[in-house]
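Let me begin by handing over the structure; questions about it come next.
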Amino acid sequence: MTESPMSQSTYTIGRHLMEQQKSFAGSTGHFTSLMWDLTIAFKVISTEVNKAGLVDVLGLTGETNVHGEGVKKLDIFAHDTIFKCMDHGGHLCLMASEESPDILPIPAKFEKGEYILLFDPLDGSSNIDVNVSVGSIFSILRKKSEGPDGRLEDCLQPGTEQVAAGYVVYGSSTMLVYTSGEGVHGFTLDPSIGEFLLSHPNMKIPERGSVYSINEGNHDHWDERTQEYIQSLKNSRDGNKPYSLRYIGSLVADFHRNLLQGGIFLYPANYQDPDNPRPKLRLLYEANPLAFIVEQAGGQASTGHERIMEIQPTSLHQKIPLIIGSGKDVEAYETSLQGVITPNTSQ
Ligand code: P6P
């Protein structure tokens with residue numbers, strides 16, 4: 001059925017979720033209302049992020065606000081907002097947050113469900129003070145353990161077990177991008193009506209980009225093959241222009257740009273110190289959800305040696321090298337690493 005322009009512009013995420021629910025035989029509606037509850041949390045966070053710069057101007061000292069309430073750091077505010085929006089819906093049996101050292105059980109007074117929510121409530125939050133885009137990232141798994149309460153083992157599932165994953169980028173506009181295995185879809189928040197409207201259906205990443213995203217300041221910490229690969233991007237080849245460096249330092253913003261325009265994001269480990277390779281990005285809260293999205297969009301996500309989504313997690317805050325983006329670019333990097341014996345890089 002061809003969507004009329006009017007129906008396209010009012011194609012809300014709620015309508016999208018209901019239509020997707022119909023396509024899943026035997027669906028109970030739990031996933032739909034879980035996702036709906038998440039969108040509420042993201043709208044609340046978007047409002048706070050977008051007025052963050054006014055904390056001082058409005059006399060909000062950062063200690064107490066006009067209502068006498070403590071003005072929390074935004075990443076703690078985002079964590080608390082997601083937890084409070086998600087703890088009572090009866091769809092989750094457990095949560096885990098990048099901001100919390102341990103698993104987050106559902107309060108005993110609430111009904112429990114079959115899903116687990118892993119989230120990075122506000123990635124790149126240090127960028128807020130300089131008005132750079134930040135983001136929330138989420139990953140949804142299905143409980144595998146016995147009994148009503150989720151357990152740590154339910155969080156430590158490979159990325160291939162994800163039921164859904166997504167991110168919200170709080171930038172010039174607030175945009176939610178998610179997949180439930182049926183392609184990648186982008187919804188832009190219309191603050192005038194408080195609705196996420198479908199703006200980017202069936203997103204696909206170009207198979208090769210012309211942009212690379214990496215913190216060049218870490219150059220001396222990379223292994224030689226990575227140094228050689230990055231150098232090769234700076235040289236024109238096959239008559240093509242050199243790649244451009246675009247690095248915002250906010251994972252969701254860098255990933256989102258590359259998803260739309262093509263390119264490769266790299267956060268290798270520090271191989272110059274084999275005893276302390278120090279990867280930075282987290283497997284459960286960053287690498288796996290973005291890997292699900294990029295693969296559904298036709299791209300790839302790797303440590304440089306193995307597919308991110310096939311890694312068996314060993315701890316909640318495990319860190320991992322992340323090479324993610326256009327498939328041809330990720331493959332070119334993996335090829336450049338052939339023969340490099342690197343230490344076990346996940347911590
Ligand atoms: P660096 C932000 O602090 C973050 O976790 C990601 O959003 C971002 O990609 C990365 O760290 C930037 O790290 O070492 O380049 O500042």
Side-chain angles (χ1 to χ4, degrees), residues 123-124 127 132-135 137 159 165-179 181-188 198-216 218 222 225-268 281 286-309 320-337:
D123 180 75
N127 291 300
V132 164
S133 299
V134 294
I137 311 173
Y167 64 85
V168 180
V169 53
Y170 309 103
S172 50
S173 63
T174 292
M175 191 167 158
L176 188 158
V177 176
Y178 96 101
T179 185
E182 301 287 314
V184 177
H185 308 289
F187 298 81
T188 300
L198 182 64
S199 53
H200 297 68
N202 293 310
M203 298 173 80
K204 291 295 180 188
I205 187 171
E207 65 172 4
R208 185 184 292 279
S210 57
V211 159
Y212 72 101
S213 308
I214 194 168
N215 183 339
E216 286 268 8
N218 295 331
W222 305 331
R225 296 292 176 88
T226 296
Q227 292 173 345
E228 290 164 2
Y229 169 75
I230 295 298
Q231 185 55 48
S232 74
L233 298 182
K234 301 176 186 178
N235 306 327
S236 59
R237 49 187 179 167
D238 310 331
N240 296 318
K241 289 193 316 180
Y243 279 47
S244 297
L245 171 60
R246 295 287 182 273
Y247 191 70
I248 301 170
S250 181
L251 173 60
V252 170
D254 278 315
F255 176 82
H256 184 67
R257 182 206 49 249
N258 292 354
L259 179 65
L260 291 172
Q261 299 177 349
I264 184 170
F265 173 95
L266 309 94
Y267 209 105
L281 300 179
E286 293 164 324
N288 266 340
L290 297 185
F292 191 12
I293 288 176
V294 84
E295 289 197 5
Q296 283 285 310
Q300 293 186 33
S302 161
T303 62
H305 297 280
E306 57 185 316
R307 182 186 176 206
I308 288 286
M309 291 222 290
I320 201 87
L322 179 61
I323 317 304
I324 188 169
S326 295
K328 297 282 189 197
D329 290 307
V330 174
E331 287 170 359
Y333 177 72
E334 290 178 325
T335 304
S336 74
L337 287 190

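Because the structure is predicted, anything quoted here is derived from the model rather than measured.
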When every non-hydrogen atom of Asp329 is compared with those of Gly209, the smallest separation belongs to OD2-N, 2.7 Å

Residue pair His200 / Val177, side-chain heavy-atom distance below 4.5 Å | no

Leu322 side chain near Glu286 side chain, heavy-atom distance below 4.5 Å = no

Do you know which two heavy atoms are closest between Met309 and Asn288, and how far apart they sit?
-> CA-OD1, 3.7 Å

Could you tell me whether the side chain of Thr174 and the main chain of Tyr170 form a donor-acceptor pair under 3.5 Å?
-> no

Would you please name every residue forming a side chain to side chain contact (heavy atoms under 4.5 Å, CB included) with Lys204, sequence neighbours left out?
-> none

Does Ile248 offer a backbone N or O that forms a donor-acceptor pair with the side chain of Asp254 under 3.5 Å?
-> yes

Can you check whether Val330 reaches Val294 side chain to side chain, under 4.5 Å on heavy atoms?
-> no

Donor + acceptor pair across side chains of Ser213, Tyr267 (<3.5 Å) = no

Name the orientation class of the two ring planes belonging to Tyr247 and Phe265 (parallel below 30°, tilted from 30 to 60°, perpendicular beyond 60°).
-> parallel

Do you know which two heavy atoms are closest between Phe292 and Gly181, and how far apart they sit?
-> CZ-N, 3.7 Å

Closest non-hydrogen atom pair between Pro289 and Ile137, with its separation | CG-CG2, 3.5 Å

Are Thr179 and Met203 close enough, and set up right, to give a side-chain contact (heavy atoms from CB on, under 4.5 Å), and what steps lead you there?
-> CA-CA 10 Å; Thr179 185; Met203 298 173 80; over 6 Å; no

Ser250 side chain to Ser133 main-chain N or O, any donor-acceptor pair under 3.5 Å?
-> yes

Is any side-chain heavy atom of Ile214 closer than 4.5 Å to a side-chain heavy atom of Pro268?
-> yes

Rounded distance [0.5 Å steps], CD in Gln227 versus OG in Ser336 = 11.5 Å

Look only at the side chain of Arg257 and the backbone of Arg246, and say whether a donor-acceptor pair between them is shorter than 3.5 Å.
-> yes

Within the side chain of Asn202, is there an N or O that forms a donor-acceptor pair under 3.5 Å with the backbone of Gly183?
-> no

From CD (Gln300) to CD1 (Ile323), nearest 0.5 Å | 12.0 Å

Any chance you could measure Ile308, atom CD1, to Glu295, atom CD, to the nearest 0.5 Å?
-> 9.5 Å

Decide whether Asp123 and Tyr167 meet the rule of one side-chain donor and one side-chain acceptor closer than 3.5 Å.
-> no

From Glu182 CD over to Gln296 CD, what is the distance, rounded to the nearest 0.5 angstrom?
-> 7.5 Å

Distance in Å, Ile293 CD1 paired with Ile205 CD1, rounded so as to fall on 0.5 Å steps | 11.0 Å

Looking only at heavy atoms, the pair that brings Ser326 and Pro206 closest together is OG-O, 2.7 Å

Result of checking Trp222, Tyr229, Tyr212 against Tyr333 for ring-ring contact (aromatic ring centres under 6.0 Å, His included) | Tyr229

Decide yes or no on side-chain contact (heavy atoms from CB on, under 4.5 Å) for Val252 and Val134, but give the supporting numbers first.
-> CA-CA 7 Å; Val252 170; Val134 294; over 6 Å; no

Residues Leu290 and Phe255: closest non-hydrogen pair is O-CZ, 3.7 Å

So CG of Asn258 and CD1 of Ile324: to nearest 0.5 Å the spacing works out to 9.5 Å

